[in-house]
Structure formats: structure tokens, C-alpha cells
Amino acid sequence: DAKTTQPTSMDCAEGRAANLPCNHSTISGNEYVYWYRQIHSQGPQYIIHGLKNNETNEMASLIITEDRKSSTLILPHATLRDTAVYYCIVRSSGAGSYQLTFGKGTKLSVIP
Amino acid sequence: DSGVTQTPKHLITATGQRVTLRCSPRSGDLSVYWYQQSLDQGLQFLIQYYNGEERAKGNILERFSAQQFPDLHSELNLSSLELGDSALYFCASSRGSVGSGLRETQYFGPGTRLLVL
């Protein structure tokens, strides 16, 4: 599995954009970058995923560098409800299983 | 609401006991995954089932077992419980379409919080 590196914690002012970085320098060509978040012991919530191109949905935008060695999750207008642990995951396929390998993630605190 | 349901929400039991956790996947999803989240280990993959058959095993103890039934719901059985088994147990599901594994999104249930006393 490609390893990911994320900052342990970040703060963001309410209403501002939250930019969460992730390094995945050993990513392979067919591996996707996924982002999930977990709000206070709730089940992890899917946010977005991408392969090479930048992606946007109703929750966030995902910017992947051209060399694919890093990515940034952008929450355009952070609210207090976005306070959570955010996980950047590179998905690899091993022996027909596609489980998610979670690291420690980034604890994002949105401040009023 | 992800569409994945888990019961019970909370479970308190004693060491040495056996418990069963239940998961109903999203409608139409064939794959079910079980994860354990403890304070010191983080979120860890335990086991995956696809359409009733075991697909992969992760860090699942021999005291733990799972199965997926014809109606696609899954159960995780934990036996000879120890204090260290106290954790959140999550189930996730995905479509399970052939050849689409890397692109399939997993949707997680709300979890079962197990406390072993």
C-alpha cells in the first residue's frame, strides 16, 4: 500500500476555506486517492476520490498534483460541523480485496 | 445517512462472553467489510465478504468470525472476549461490481460500541 503523510492537526476559521494536504509519494499509476472523514466516533464518511484529475462534488474539491505525489482536499467554506478527523487513503488492490487502510489522519478544528 | 445499518448501537458484556454484531448493507451492495477502531490501534480492517463468500482477511483474531447470509446481511461474532476487545466496530458496504474494486466507494454504518468489563 502506498503510504500517506498528513499533518496531525489543523485549525480553520469558520467560513474560510480549509485546505488539507496529503503526501503520497510512492503512489502507483492505478491507485486512487480517497478522502474520508470521521466526526467524533461516528462512522467514517466518504468525501471524494480521484485518480489524476482534479475533482469536485457538493462537499469538497480534490486537487492532485501532476506527478500525483501529493493532493489537497479543499472544503470551500468550513462550518463548525466540519470539525472532524480527515483521512487521506491510497487504495491498492491486493489479492482481490479492496479494503481501506486508515492512517492517523488530520484533526481539523473549525473555530468560530 | 449512509444506508448501512448496524445493531446494536451499544453492547456491554463481561470477559469470556460471546457477542454477535449485525450489519445490513446498502440496498444492492454485495460487498461487506468489517473494521475495528480502538483507541491505540486506530481503524483496522478485519474481514471482507462478497456475495456470501469470504474475500479477504485483515487483522482478525481467531476468536472472531464473520459470515454473510443469502439476504446479504452480515454478522461478526466475537468470542472469549477480553478487555482489549473493547472498541468501535464498523461495517461498510460497496457495490461489488466485477472489475471496479478500486473505484468503488465504501459506505460506513454508524458502528457498534463494545465495552468488555
Side-chain angles (χ1 to χ4, degrees), chain A residues 1-6 8-9 24 27-53 55 57-60 62 64 68 73 81 84-107, chain B residues 1-6 9-10 23 25-26 29-51 53-60 87-114:
Chain A
D1 291 0
K3 185 176 169 59
T4 62
T5 304
Q6 299 179 253
T8 303
S9 64
H24 31 77
I27 192 170
S28 299
N30 67 342
E31 290 180 323
Y32 283 74
V33 179
Y34 273 75
W35 284 84
Y36 280 78
R37 72 180 182 184
Q38 187 174 26
I39 299 171
H40 188 55
S41 297
Q42 296 179 19
Q45 179 187 23
Y46 165 76
I47 302 174
I48 199 167
H49 74 279
L51 182 63
K52 285 190 272 192
N53 300 320
E55 303 287 345
N57 63 19
E58 65 279 2
M59 288 184 69
L62 174 60
I64 302 175
R68 302 187 70 237
L73 178 74
R81 286 181 293 183
V85 178
Y86 287 76
Y87 297 98
C88 170
I89 300 166
V90 172
R91 298 191 67 183
S92 59
S93 62
S97 173
Y98 306 114
Q99 71 266 28
L100 298 169
T101 301
F102 289 82
K104 295 189 183 302
T106 295
K107 182 173 172 55
Chain B
D1 183 2
S2 67
V4 179
T5 60
Q6 290 186 248
K9 288 185 180 177
H10 303 277
C23 168
R26 293 187 317 151
D29 283 1
L30 299 178
S31 275
V32 169
Y33 305 76
W34 285 97
Y35 292 83
Q36 178 193 56
Q37 186 174 34
S38 58
L39 280 175
D40 56 345
Q41 293 292 328
L43 264 161
Q44 290 203 308
F45 167 72
L46 295 178
I47 196 165
Q48 177 200 0
Y49 275 81
Y50 171 75
N51 202 20
E53 307 233 340
E54 182 185 301
R55 174 62 65 88
K57 275 186 174 180
N59 299 319
I60 188 166
L88 278 164
Y89 291 85
F90 291 106
C91 165
S93 73
S94 68
R95 275 289 177 260
S97 304
V98 174
S100 67
L102 284 178
R103 297 189 297 277
E104 285 199 349
T105 297
Q106 291 182 27
Y107 294 92
F108 284 77
T112 293
R113 183 179 293 275
L114 173 67

| field | Heavy atoms from other residues, nucleotides or ligands near CZ of B:R26 exceed 12 (cutoff 6.0 Å) | value | yes

| query | What is the ring orientation for A:Y36 with A:Y34, classed by angle as parallel under 30°, tilted 30 to 60°, or perpendicular over 60°? | reply | parallel

| remark: Honestly, the part of B:Q6 sitting under 4.5 Å from a heavy atom of chain A is neither

| query | Can you list the residues that meet the salt bridge (charged side-chain N to carboxylate O under 4.0 Å, His left out) rule with A:R68, with sequence neighbours excluded? | reply | none

| query | Where does B:L43 contact chain A at under 4.5 Å (heavy atoms): side chain, backbone, both or neither? | reply | both

| query | Side chain, backbone, both or neither: which part of A:Q45 has a heavy atom under 4.5 Å from chain B? | reply | neither

| field | Heavy-atom side-chain contact between A:L100 and A:R91 under 4.5 Å | value | yes

